[in-house]
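What follows is a set of notes on a single structure, which appears directly below.
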Amino acid sequence: MPKLISIGELIDGSWELYRARFVELITISGWFILTAILYAIALAFYPAASKLQLSTGLSGGETFGVILFSITTFIVTPIVSFWIYTSLIRAIGMSLDGKKMDPTKAMQEGKAIFLPALLTSLMVLLMILLAIVIGFAPPVVLATIGSLIHVGALVSLANILLLLGIFLSLFLTIKWTVYYLLSPLLTILDGTKGKAALEASRTLIKGRFLAVLCRVAVPKLVFVIFGVFAMYLISYLVAIIVDASSSINIDIQLRIATMLQTIVPILIATLVNPLILISDVLLLRSLQGEN
């Protein structure tokens with residue numbers, strides 16, 4: 001069993017690759033800003049909060065804003081986000097294989113592997129949902145039966161099982177999330193698809209659960225804290241500017257504030273996501289004995 005990369009090496013290695021290939025990575029990750037632009041347009045036409053509270057009719061422009069916001073949230077953002085995810089993984093793989101990181105080629109390859117990677121990701125999601133069902137289904141069924149036949153003892157037993165089920169569900173959710181986390185990466189980088197990818201990920205991690213959990217969680221925590229701090233700083237500075245513009249109509253101020261609350265996190269995610277994905281790929285390569 002190959003020696004795992006340390007947490008410090010994961011963080012340092014992720015930062016070094018990020019810094020060395022910043023332009024190429026942001027060229028890909030920057031497409032996420034497309035959603036920020038669409039949100040900005042949608043919110044520019046979005047009905048004022050006061051109008052929504054009064055439930056009055058919407059103008060054509062306001063209707064456009066509501067529809068564009070919904071389309072961006074439920075269609076455009078998921079598709080663009082996952083395409084960026086597959087493309088960044090391909091680009092990172094190129095660099096770690098000693099090849100030139102080509103953003104255009106990476107995005108083409110990310111598009112080609114989009115559906116297989118999506119299928120694997122959905123299978124991982126189903127495993128996590130199964131963990132929740134295992135914990136909560138028995139007490140819910142028992143409580144339902146107890147209520148229908150008016151047996152209070154069954155309802156009481158269901159409440160006890162519910163408490164145990166919460167802990168069981170949490171345990172299985174964490175366990176299976178870690179075991180199958182690398183499955184989509186195996187699909188994107190190695191072409192291992194579906195059930196085979198889940199089994200391969202579990203095999204790589206089996207016997208090193210706690211070590212992998214720490215190496216998954218700690219780098220992400222470090223990078224997310226960095227992103228949250230940057231987001232807070234930017235939001236604070238912009239809020240000062242908006243508040244200083246006391247002459248602006250209150251509805252316009254609220255609209256600007258809503259735009260910032262929506263767009264700033266997208267900009268921060270654009271910068272931080274490559275770091276998080278680099279650490280995952282480095283961990284996968286270490287588990288495979290390649291670094």
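These numbers come from the heavy atoms of this one structure, side chains and all, not from hydrogens, waters or symmetry mates.
Interatomic distance, CZ of Phe69 versus CZ of Phe64, reported as 13.5 Å (0.5 Å rounding). The distance from atom CZ of Arg215 to atom CZ of Arg208, rounded to the nearest 0.5 Å, is 9.0 Å. Between Leu17 atom CG and Asp12 atom CG the span is 12.5 Å, to the nearest 0.5 Å. Once rounded to the nearest 0.5 Å, the distance linking CG of Leu181 with CH2 of Trp176 reads 16.0 Å. Atom-to-atom distance recorded for Ile84:CD1 and Thr270:OG1 is 6.5 Å, nearest 0.5 angstrom. To the nearest 0.5 Å, the span separating CG on Asn159 from CG on Leu142 amounts to 9.5 Å.
The hydrophobic cluster containing Leu277 does not contain Ile225, counting ILVMFWY residues as joined when their side-chain heavy atoms lie under 4.5 angstrom apart, directly or transitively. Under the 4.5 Å side-chain contact rule for hydrophobic residues, Met94 and Ile113 do not share a cluster. Placement of Val155 and Val141 in two distinct hydrophobic clusters is found when ILVMFWY residues are connected by side-chain heavy-atom separations under 4.5 Å, directly or transitively. Both Leu96 and Leu204 belong to a common hydrophobic cluster when Ile, Leu, Val, Met, Phe, Trp and Tyr are linked at side-chain heavy-atom distances under 4.5 angstrom. Under the 4.5 Å side-chain heavy-atom criterion for Ile, Leu, Val, Met, Phe, Trp and Tyr, Leu275 and Leu221 are members of distinct hydrophobic clusters.
Residues Val224 and Ile276 form a side-chain contact, since some pair of their non-hydrogen atoms from C-beta on lies under 4.5 Å apart. Residues Leu119 and Leu115 have side chains not in contact (no heavy-atom distance under 4.5 Å, counting atoms from C-beta outward). For the pair Phe45/Leu68, no side-chain contact is recorded, criterion being any heavy-atom separation below 4.5 Å from C-beta on. Between Arg21 and Ile278 the shortest side-chain heavy-atom distance does not fall below 4.5 Å. Taking the side chain as every heavy atom from C-beta outward, Asp190 and Gln288 approach each other to under 4.5 Å. You'll find the side chain of Ile41 reaches within 4.5 Å of the side chain of Ile37, heavy atoms only. Side-chain contact between Leu185 and Arg285: absent, with no pair of heavy atoms (C-beta onward) separated by less than 4.5 Å. Inter-residue side-chain proximity for Thr73 and Tyr39 is flagged as met; some heavy-atom pair is nearer than 4.5 Å.
With salt bridges taken as basic N to acidic carboxylate O contacts below 4.0 Å, none links Arg202 and Glu199.
In terms of heavy-atom proximity, Thr86 sits nearest to Gly110 at OG1-O, 3.0 Å. Nearest approach of Tyr18 to Leu25, heavy atoms of both residues: CA-CD1, 3.8 Å. Across Met107 and Ser87, no two heavy atoms sit closer than the pair CA-OG, 3.3 Å. Contact detail for Ala197 and Ser183: the closest heavy-atom pair is O-OG, 3.4 Å. Heavy-atom minimum distance, Pro138 versus Val133: CD-O, 3.9 Å. Taking both residues in full, the closest heavy atoms of Thr187 and Lys193 are given as OG1-CA, 3.8 Å, listed atom of the first, atom of the second, then distance.
The closest side-chain donor-acceptor pair between Tyr180 and Thr120, if any, does not fall under 3.5 angstrom.
Side chain of Ser81 to main chain of Thr77: a donor-acceptor pair is present (N/O by atom type, distance under 3.5 Å, no hydrogens or angles). For Thr144 (side chain) and Val140 (main-chain N/O), a donor-acceptor pair under 3.5 Å exists by modelled atom type. At distances below 3.5 Å, not a single donor-acceptor pair connects side-chain atoms of Arg19 with backbone N or O atoms of Trp15. Judged by distance alone, with hydrogens and angles left aside, the side-chain atoms of Ser14 form a donor-acceptor pair with the main-chain N or O of Leu10 at under 3.5 Å. At distances below 3.5 Å, at least one donor-acceptor pair connects side-chain atoms of Thr35 with backbone N or O atoms of Phe32. Remark: the backbone N or O of Gly165 is not paired with any side-chain donor or acceptor of Ser169 at under 3.5 angstrom.
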query: Would Phe223 and Leu271 satisfy side-chain contact (heavy atoms from CB on, under 4.5 Å), going step by step from the backbone distance to the final call?
result: CA-CA 10 Å; Phe223 300 144; Leu271 294 173; over 6 Å; no

- request: I would like to know whether Ile268 and Ile234 meet side-chain contact (heavy atoms from CB on, under 4.5 Å); could you show each step before the answer?
  value: CA-CA 10 Å; Ile268 297 302; Ile234 294 172; 3.9 Å; yes

field: Stepwise side-chain contact (heavy atoms from CB on, under 4.5 Å) check, Arg90 with Ile28
entry: CA-CA 11 Å; Arg90 292 296 303 180; Ile28 300 171; over 6 Å; no

Residue pair Ile188, Glu109: steps toward the side-chain contact (heavy atoms from CB on, under 4.5 Å) verdict: CA-CA 9 Å; Ile188 297 168; Glu109 293 178 355; over 6 Å; no

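In the displayed structure, Lys220 atom NZ is contacted under 6.0 Å by more than 12 heavy atoms of other residues, nucleotides or ligands. For Trp31, the CH2 atom counts as loosely surrounded, since its 6.0 Å shell holds 12 or fewer non-hydrogen atoms of other residues, nucleotides or ligands.
The only member of Thr27, Val23, Leu88 that meets side-chain contact (heavy atoms from CB on, under 4.5 Å) when paired with Pro103 is Thr27.
Listed by chain and residue number, Asp102, Gln108 satisfy the side chain to side chain contact (heavy atoms under 4.5 Å, CB included) test with Thr104 (two or more places apart in sequence, or in another chain).
Under the 30°/60° scheme for interplanar angles, the aromatic rings of Phe114 and Phe82 are found to stand perpendicular. Between Tyr179 and Phe209, the angle of the ring planes lies from 30° to 60°, which puts this pair in the tilted group.
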